[in-house]
Each structure stands twice: as C-alpha cells, then as structure tokens.
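Report on one structure; see the data block that follows.
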Protein chains: 2
Amino acid sequence: MSGQGWETIRAEVMRRIRVRDWPPGALIPNEAALATEFGCARATMSRALRDLAQAGVLERRRRAGTRVALLPVRPATFQIGITRTEVEALGHVHAHRLLVQSRDRTPPPDVASHFGGIGGLLYLETLHLADDSPWLHEVRWLNAGLLPDPAPDFGAVSVNEWLVTHLAYTSGEIAFSAAPASAHEAAVLGVASGAALFVVERATVLAAVPVTLARLAHAPGYRMQTVL
Amino acid sequence: MSGQGWETIRAEVMRRIRVRDWPPGALIPNEAALATEFGCARATMSRALRDLAQAGVLERRRRAGTRVALLPVRPATFQIGITRTEVEALGHVHAHRLLVQSRDRTPPPDVASHFGGIGGLLYLETLHLADDSPWLHEVRWLNAGLLPDPAPDFGAVSVNEWLVTHLAYTSGEIAFSAAPASAHEAAVLGVASGAALFVVERATVLAAVPVTLARLAHAPGYRMQTVL
DNA sequence: AAGTGGTCTAGACCACGCA
DNA sequence: GCGTGGTCTAGACCACTTC
C-alpha cells in the first residue's frame, strides 16, 4: 500500500469489493482479523469500515459481522444554505423583494395542522432575484411568537437569512418536487402559467415548537447538483 | 448529564449553541479543555465535535480552533437506491417495460462528450410502472464494452437494477431539476405535453471509465423527501 | 514557533443479537 | 452463551496554519 491512514485502508477495502475479491453479499473478515492483516489498530480498521457502511457499501450487524451490500443504497448529500449565498456562489448578484407580509391571513388546513393550532402566524411572500432576474418565489408561514418584539425588517434582511442566523439549528423535513407554475407564480416569476418549476418545501421545528413552513419555487432552469 | 457517550456530549454542545451560551461566530474551548470539563477522553470529545462539524453547525480549523458556524450550511441526505425497491417501499407493485434497445443510435454531442469518444454505446429506454401506472421514464446511454458477452436481458431485469448489482460502487454526479414533458415523454407517461416532471440526471464513472448517462423523468406527483 | 485539530495505538468493557 | 461491532481511555505523534 502507498500511504498510511484509515482512508488508505478504506480504499483498499473498496478495491477488493470492486474487483469482486469480496463479492456482493459476502461476509468479510471481522475487524480484529483485518486490523491484524493491515497492521493497524482495531480502532483504525473500525473507522474505515464504519465509513464504508455509512456510504452504503457495507452492511454491519453485531454478531452477524460485516457484509458487502447486495443492493447498495447510496446517500446523495446536498448542501442547504441560504438563498443569497447560493445565488452568489453561482456568480450572480442577489437581491430580494418582500411582496407580502401579513398577520391576518387565514392559514389553509395543512399549514394550520403543522402549527398545531398555534395562533399568531405571519404570512410572507418574497421574490429573490439573481442579476435582477426572478430566481425564486418564496411563500412562508412563520410562528410569530418566536420573533423579537420590534419585529425584524424582512424587507432589509430576507426571512430566509434571518431565520438561519437567528433561529438556526432547527430540525424538520425537506422535500423536492416539480410543479406547474400557478397563475400567481407565473406572474411573479415572469414565466408562462403552467411552466415546470422546481419546488422545495421545508417544514422546520425547534425543540418541538413549530417554526416555519415554506414553499420555494425556483425559476425554470434551476438544477440541484451534487457528486455521488 | 443523563447518559454517557459521545452522542450525549454532542447533545450538550448543541444545547449550549441553541441557548446562545456559545453564540454564532464564537470560538469555543479546545478539545482538551472540553474533554477535561466533560470528564471524557479527548478522542470522545473529538468524535462529538467532528460530528457537529459534519452537520454544518461547527467550523473547525487547525490552530484557529472551533467556532459556531455563522451561516450554517446543513447537509440534506437522500437515499438513492434502485427504482424497484423505491416503488415497493411505497407499497406499490413494480413492473417495467423495455421500450427501446439499440446499438446503432448516434449519441447527441453532450452524451458523446461524457463518454469521451468511446464507441459501442447502447441506448435504452425503459418505462417503470407502479401498480400498472406509469411511474418513471428512463433514457439511458450505456458503455457496451462493460457488458458481459451474452448481454443481459434488460427486459427481465431492468438496466437500473442490473447496473447497481453488477457495476456497483461507481462514482459520478447526480442532479435534480424540473422540466416540461416532451411530446414523447408525455405519450409514454400518459400525461399532457409540457406537464411538470421531476427529472433526475445521473452520470457515472467506474475508475475513470465512463459507465452510463441517464435521465429519469418521474410522473407528476413524485416527491423526494428527507428529514433534515 | 506554537497551538490546534486529525489521527493512531493498545487495551478494555459493553450492547446487541444470533445460536 | 458468545462473537461481533460500538465505544471509551490514556497517551502519543503529526499536519496544518495562524501568530
């Protein structure tokens, strides 16, 4: 072997799997045996195997040992940041316009259920621009009880960014889908009604308290990409 | 603290961040100091902090120390498996039809460039069904040189599944987007032309050898979801 | 130059889950 | 039971990068 370290060991294990030295479904030697063979500590061997298990290449179970996955399920990871930095990373100038901000709007049933009947919901609609072209239309419901007393000016800092900087470290769900542009979305984004939009839906919670529910509709051409 | 172990330590660090004991941007004590405070070995402390760094909550740099991230960038992970198991996991019956299989089709320029001028490309078109309804239309270019001599029967086992079981452990790229259904896609999926489709594009490589290029167009209603 | 995180070691105990 | 992976410890050396 060329280098030292757990990544080198991982690469060698991966090689044996690729050349079918250890075919799919096979039971591979246990950590202790492999550590002896590779001349490393068991902790180092464990680190390499754990990493491959997380990558979906190995399946590990106590007592049953470690097997090469029959149908590898690979994790694809996307970095979810704030819209401004995402736009800027693509080399564009970011701007945003607060289209609607209202405390009086009645939430539809699915929104109400996420907030579990909590009152005081703030409705916000924001348009994000990249180089002055419509980029993303954001519709968001927000638990107003979590806002500081002089409420932030969401015309200056976008809700998106304010939430990440002030109510970070939430948990929740995220979903991607494709949807036809509604008449309103079409008008705001400057596209034809029914155009295919890439939609991101987020529901976030902070320690069991519902925080926000958002629908982000991207202008056509948007791609979410990652290496596998 | 209630339990023992690095996950308990991680939770406590997370708590301090959430209550702004350690506000965004703050430098937190180094591993050795925290290990002493928590009464654990430095390796255990390191494991907890490393995990939070991977989650985008902390930023660690040698010599500069560990800081609470100012604009946390959270990784969202999706499990990419084979279409059959994905459909079955949703409680549907999976089936597939091989629509086209041809060795004579001329690849468009973008496809040719991915394969770097390699000859012998196989073109495949497959329709996946869930409970007999169109689910996914798959267009795929495949490096035919990687196939065994009696070529597999892609009418029996879908290309998708054959590749994962026989040419697994590839690297490559994956991208999600929304696109209007072409006339052909619309006909095959049984939807209106121009309908918003969720499209997954994959380009895979096995040890620098191009393997396949695929475009998977999902029928309307498809959602890709994960917990954050 | 010096302090930080990154990694490795050798050994130990434990939790799980098959027999 | 008992073998497996999961974790922890105490100590050490190293790589990086900022000072």
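Basis for what follows: all heavy atoms, side chains included, without hydrogens, waters or symmetry-related copies. The chains referred to below are lettered A, B, ... by the order of the sequence lines, with proteins before strands, and numbering in each begins at 1.
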Gap between atoms [atom1] and [atom2], on [X] and [N] respectively (whole Å):
| X | N | atom1 | atom2 | value |
| --- | --- | --- | --- | --- |
| B/R63 | D/dC19 | CZ | P | 7 Å |
| A/I28 | D/dT4 | CD1 | C1' | 12 Å |
| B/E59 | C/dG6 | CD | P | 13 Å |
| B/L34 | C/dG5 | CG | P | 8 Å |
| A/R61 | D/dT4 | CZ | P | 14 Å |
| A/L58 | D/dG6 | CG | C1' | 16 Å |
| A/R47 | D/dC8 | CZ | P | 14 Å |
| B/E7 | D/dG6 | CD | P | 12 Å |

Output yes when [X] and [Y] qualify as a salt bridge under the 4.0 Å nitrogen-oxygen rule, no when they do not.
| X | Y | answer |
| --- | --- | --- |
| B/R223 | A/E173 | no |
| B/R67 | B/E59 | no |
| B/R60 | B/E31 | yes |

inquiry  = Need to verify one output field. Residue with the more 5' nearest nucleotide on DNA chain C, A/A64 or A/T44?
reply    = A/T44
request  = May I ask you to decide if the ring planes of A/F176 and A/F78 are parallel, tilted or perpendicular, using 30° and 60° as cut-offs?
outcome  = perpendicular
inquiry  = Please tell me if B/R62 has a side-chain N or O lying less than 4.0 Å from either OP1 or OP2 of D/dT18.
reply    = no
query = Counting only side-chain N and O atoms of B/T66, is one of them less than 4.0 Å from OP1 or OP2 of C/dG5?
reply = yes
ask   = What nucleotide, of C/dG5, C/dT7, D/dT4, holds the atom closest to the side chain of B/N30?
value = C/dG5
key: Side chain of B/R60 (C-beta onward), nearest among D/dG6, D/dT4, C/dG6   = C/dG6
task = Indicate whether the side chain of B/H137 and that of B/E125 have a donor and an acceptor atom separated by less than 3.5 Å.
result = yes
request  = Scan A/A32 against the nucleic acid and name what it touches under 4.0 Å (heavy atoms): base, sugar-phosphate only, or nothing.
outcome  = nothing
message = Here's a test of your reading of the structure: between B/A41 and A/L49, which maps to the more 5' nucleotide of DNA chain D?
response = A/L49
query = With distance as the sole criterion, do the side chain of A/R42 and the base of C/dA10 form a donor-acceptor contact below 3.5 Å?
reply = no
